[in-house]
Amino acid sequence: MSKQLLSEISGAHALDFLAEGGKRVFYVSGLGVDPGFRRCHIAERLSVALINELRSQGFTYRLGRTDISARGMRALYAKLGFQELPIHDSLYPERSYWLLRLCDSKGQGG
C-alpha cells in the first residue's frame with residue numbers, strides 16, 4: 001500500500017487538516033460494482049467490512065471521493081454516516097469528498 005499526501009490526491013491542501021497530529025486517514029478513490037450485480041448490496045457489504053477493519057486498526061478517518069452525479073454512492077455514504085465535505089477536488093471538480101470519523105483522538109471506536 002502506497003502512502004500519498006492528501007494534497008497530492010486532491011490537488012490542493014484543503015484536506016491536510018485530517019492528518020494533523022498523526023491521525024490515520026484511509027482514502028478510497030472509488031468503488032464500482034458491475035452493472036449486472038448492482039442492487040445486491042455488494043458495495044454496502046464491502047464498505048461496512050472495510051470500516052470495521054479500519055476501526056480495529058485504529059484509523060481515525062475513512063475518506064472517500066465520488067462524482068457529484070453518482071446518486072447511489074452518495075446515498076450509501078450518507079446511509080453509513082459519512083458527511084459530505086464542502087471541498088471539491090481541484091483536479092476533478094465534478095467530484096466531492098465524504099468523511100467518516102472512525103475513532104476519537106484516543107483511538108476509541110466512533
Side-chain angles (χ1 to χ4, degrees):
M1 181 176 0
S2 68
K3 256 185 160 174
Q4 279 186 296
L5 297 175
L6 293 172
S7 59
E8 293 173 20
I9 293 167
S10 68
H13 293 281
L15 297 170
D16 290 353
F17 73 96
L18 295 172
E20 289 175 357
K23 292 180 185 125
R24 296 178 70 198
V25 180
F26 193 92
Y27 169 73
V28 176
S29 176
L31 174 61
V33 175
D34 183 277
F37 293 96
R38 291 186 183 154
R39 307 238 183 260
C40 296
H41 304 282
I42 294 169
E44 183 174 359
R45 282 189 235 140
L46 287 170
S47 295
V48 168
L50 176 60
I51 288 166
N52 289 335
E53 182 62 24
L54 294 173
R55 281 189 171 128
S56 76
Q57 292 192 28
F59 279 82
T60 308
Y61 299 112
R62 160 49 172 93
L63 179 66
R65 178 178 73 175
T66 192
D67 195 280
I68 294 167
S69 66
R71 290 185 308 231
M73 194 65 213
R74 293 169 61 82
L76 178 58
Y77 275 149
K79 179 180 180 179
L80 295 175
F82 284 75
Q83 299 294 313
E84 186 172 19
L85 299 176
I87 298 168
H88 288 264
D89 193 293
S90 296
L91 305 172
Y92 303 96
E94 70 282 358
R95 297 179 188 169
S96 64
Y97 289 93
W98 290 74
L99 184 68
L100 178 67
R101 176 179 276 283
L102 300 168
C103 58
D104 62 24
S105 60
K106 297 177 182 117
Q108 302 298 310

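Everything quoted here is computed from the prediction, not taken from an experiment. Counting begins at 1 with the first residue of the sequence.
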- What are the two closest heavy atoms between Arg74 and Ser96, and how far apart are they? NH1-OG, 3.4 Å
- For residues Leu100 and Leu80, report the shortest heavy-atom separation together with the two atoms involved. CD1-O, 3.8 Å
- Write down the atom of Leu102, the atom of Arg55, and the distance for their closest heavy-atom approach. O-NE, 3.2 Å
- Query: Looking at Gly11 and Leu91, what are the two nearest heavy atoms and their distance?
  - Reply: CA-CG, 3.9 Å
- Task: Flag yes if Val25 and Leu54 sit in one hydrophobic cluster, no otherwise; membership is Ile, Leu, Val, Met, Phe, Trp, Tyr, and two members link when side-chain heavy atoms are under 4.5 Å apart.
- Result: no
- Message: A side-chain contact here means heavy atoms from C-beta on lying under 4.5 Å apart; do Ser47 and Leu31 qualify?
- Response: yes
- Query: Got Leu6 and Leu18 here, is their nearest side-chain heavy-atom distance under 4.5 Å?
  - Reply: yes
N/O donor to acceptor pairs below 3.5 angstrom from side-chain atoms of residues 66-73, sequence neighbours left out:
{"unit_1": "Asp67", "atom_1": "OD1", "unit_2": "Ser69", "atom_2": "N", "d": "2.9"}
{"unit_1": "Asp67", "atom_1": "OD1", "unit_2": "Ser69", "atom_2": "OG", "d": "2.6"}

- Output the distance between atom CD1 (Ile42) and atom CG (Asp34), rounded to the nearest 0.5 Å. 8.5 Å
- Task: Go through the steps to decide whether Leu85 and Leu15 satisfy the test side chain to side chain contact (heavy atoms under 4.5 Å, CB included), and finish with yes or no.
- Result: CA-CA 9 Å; Leu85 299 176; Leu15 297 170; 3.8 Å; yes
- Considering all heavy atoms, the nearest Arg45-Cys40 contact: NH2-O, 2.7 Å
- Message: I need the Cys103 SG to Lys23 NZ distance, nearest 0.5 Å.
- Response: 10.5 Å
- Task: For Gln83, enumerate each residue passing the side chain to side chain donor-acceptor pair (under 3.5 Å) test, keeping only those at least two apart in sequence or located in another chain.
- Result: none
- Item | Glu44: salt bridge (Lys or Arg N to Asp or Glu O under 4.0 Å) partners, not counting sequence neighbours | Lys79
- Query: Is the number of heavy atoms from other residues, nucleotides or ligands under 6.0 Å of Phe37 CZ greater than 12?
  - Reply: no
- Sorted by first residue and then second, give each ring pair (Phe, Tyr, Trp, His ring centres under 6.0 Å) pair with at least one member in residues 67-86; sequence neighbours left out. Tyr77-Phe82, Tyr77-Trp98
- Message: To the closest 0.5 Å, what do you measure between NE2 (His13) and OG (Ser90)?
- Response: 9.5 Å
- Note on the structure: Output for pair (Ile9 CD1, Tyr97 OH), nearest 0.5 Å, gives 7.0 Å
- Query: Applying salt bridge (charged side-chain N to carboxylate O under 4.0 Å, His left out), which residue pairs with at least one partner in residues 87-96 are found, sequence neighbours left out?
  - Reply: Arg65-Asp89
- Task: Would you please name every residue forming a side-chain contact (heavy atoms from CB on, under 4.5 Å) with Val28, sequence neighbours left out?
- Result: Phe26, Leu50, Arg62
- Message: Can you tell me how far apart CD1 (Ile51) and OG (Ser56) are? Round to the nearest 0.5 Å.
- Response: 12.5 Å
